[in-house]
Number of protein chains: 2
Amino acid sequence: MFEQLFKSIQEKVTLNEDDKEVYKSFFIPKKLRKKQTLLQEGDVCIYNAFVENGILRSFFTDEKGNEHVVQFAIEGWWITDLSSFLTKSNSIYTIEALEDCELLLLTMEAREALMDKIPMFERYQRLLLQNAYIANQARINSTLTETAEEKYIKLGLAYPGIIKRVPQHMIASYLGLKPETVSRVRKQINTRI
Amino acid sequence: MFEQLFKSIQEKVTLNEDDKEVYKSFFIPKKLRKKQTLLQEGDVCIYNAFVENGILRSFFTDEKGNEHVVQFAIEGWWITDLSSFLTKSNSIYTIEALEDCELLLLTMEAREALMDKIPMFERYQRLLLQNAYIANQARINSTLTETAEEKYIKLGLAYPGIIKRVPQHMIASYLGLKPETVSRVRKQINTRI
DNA sequence: AAATTCTATTGATTTAAGTCAACAGAAAAT
DNA sequence: ATTTTCTGTTGACTTAAATCAATAGAATTT
């Protein structure tokens with residue numbers, strides 16, 4: 001159950017056997033069936049979730065009633081509404097399992113206690129946040145400069161696993177495109193090969 | 001010279017008089033004239049800059065030769081290319097003064113030493129990063145859901161100081177719009193009043 | 001003071017992506 | 001097994017914003 005988590009931590013900071021037991025005592029294992037939610041729009045996001053297995057998305061609904069996918073998270077990734085989690089404000093996002101999932105959950109209290117006990121965990125968290133910030137910056141640049149086709153191709157290159165496992169209309173939503181547009185982009189790409 | 005910095009720190013964490021002297025010894029004061037750059041595309045970004053006075057922008061140039069404004073920074077804000085700064089990679093961004101500026105610069109070594117000496121500075125930095133991450137998330141959502149007019153109006157509401165001090169075509173660039181579009185949006189808004 | 005560059009506006013036209021609608025195979029639910 | 005829902009495709013048409021081009025006042029530079 002903790003393989004992916006320890007792998008992720010070891011990629012960024014040192015991790016010894018004693019630490020592992022501490023980690024095990026702070027995370028809450030949780031299974032989620034496909035279509036079940038970890039967070040509902042309007043609720044406070046009380047968990048920072050690590051994905052051991054499966055895939056989830058976070059999304060919000062705009063005033064016109066359209067859903068917008070904000071993030072996908074597969075094995076080895078974290079997912080939460082950071083704003084709601086940190087400030088205990090009501091979330092505008094829903095986090096939903098797209099497949100059956102195995103998660104490891106961390107409450108704010110557990111997170112802080114863990115940072116106290118294992119300083120390297122604080123560094124790990126900071127590195128994650130830095131990477132997430134840089135990735136978001138790249139995503140903004142992408143939406144501002146690329147055509148529909150470029151966006152789709154780059155996503156496929158960066159995260160082939162996600163494009164294969166997620167319905168196409170959710171990929172479209174993540175890219176800020178309509179399903180019809182993604183369908184046409186794919187057709188276009190295929191006829192060029 | 002340090003008023004804005006101390007004000008910013010005090011808004012987030014505790015700050016005593018001894019700390020102030022430590023801070024003063026680590027930051028490098030730097031004046032920049034309008035149009036001078038703190039970072040040139042292709043160079044490694046070796047400074048994390050705090051703006052005491054003035055206004056700057058960071059931007060990049062895409063393959064088609066179009067400039068895209070990534071960030072503005074006014075008094076009390078930080079600006080850097082975080083990716084280049086952290087990984088010592090060559091930056092794709094240029095950081096340029098839009099007015100004469102007074103900056104306080106922090107090298108990576110000074111930043112780490114400061115975090116060592118003043119643990120509260122690490123917390124302050126983490127809080128800044130969290131806020132920046134949340135703001136970027138909101139910006140992504142905005143570009144995916146809002147019309148040109150909504151983007152312009154919201155920017156004006158959120159940062160009236162920036163819209164007043166920066167040429168309109170840079171506002172357009174920041175919003176992912178063309179100058180002509182912003183001009184038309186403004187006309188539209190005015191005729192409705 | 002004159003020349004040059006920068007900035008913003010407006011009009012005419014184009015275009016990338018959106019919208020609306022119909023269809024059909026795949027997957028899930030009963 | 002057979003409805004029902006989900007998912008992806010395609011065609012016809014619309015639209016928001018981009019593009020191209022001309023203009024002119026403001027700000028800088030010389």
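Throughout, a chain's letter reflects where its sequence line sits, starting with A, and its residues are numbered from 1.
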Whole angstrom is fine here: how far is it from CD in Glu150(B) over to P in dA17(D)? 9 Å
Hey, does Lys151(A) reach any base, or is it just sugar-phosphate, or nothing, if we go heavy atoms under 4.0 Å? nothing
With sequence neighbours left out, which residue pairs that include part of residues 166-184 of chain B fulfil the side chain to side chain donor-acceptor pair (under 3.5 Å) condition? Gln168(B)-Arg186(B)
Short N-O contact, Glu99(A) and Lys34(A), less than 4.0 angstrom: no
Describe the nucleic acid contact of Lys34(A) in one word from base, sugar-phosphate, nothing, applying a heavy-atom distance below 4.0 Å. sugar-phosphate
Quick one: Leu177(B) CG to dT19(D) P, roughly how many Å, whole number? 12 Å
Calculate the interatomic distance between Arg33(A) atom CZ and dA29(C) atom P; express it in whole Å. 11 Å
Could you verify whether a donor N or O on one side chain and an acceptor N or O on the other, from Asp62(B) and His68(B), lie under 3.5 Å apart? yes
State whether a side-chain donor-acceptor pair under 3.5 Å links Tyr124(B) with Ser8(B). yes
Using a cut-off of 4.0 Å between protein heavy atoms and nucleotide atoms, how would you tag nucleotides 8-14 of chain C 5' to 3' with B, S and -? SBBBB--
Whole-Å distance separating the CG atom of Leu144(B) from the C1' atom of dA17(C): 14 Å
Ignoring backbone atoms, test whether Lys178(B) places a side-chain nitrogen or oxygen under 4.0 Å from the OP1 or OP2 oxygen of dC20(D). no
Tell me which pairs pass ring-ring contact (aromatic ring centres under 6.0 Å, His included) where either residue lies in residues 126-167 of chain B, with sequence neighbours left out. Trp77(B)-Tyr159(B)
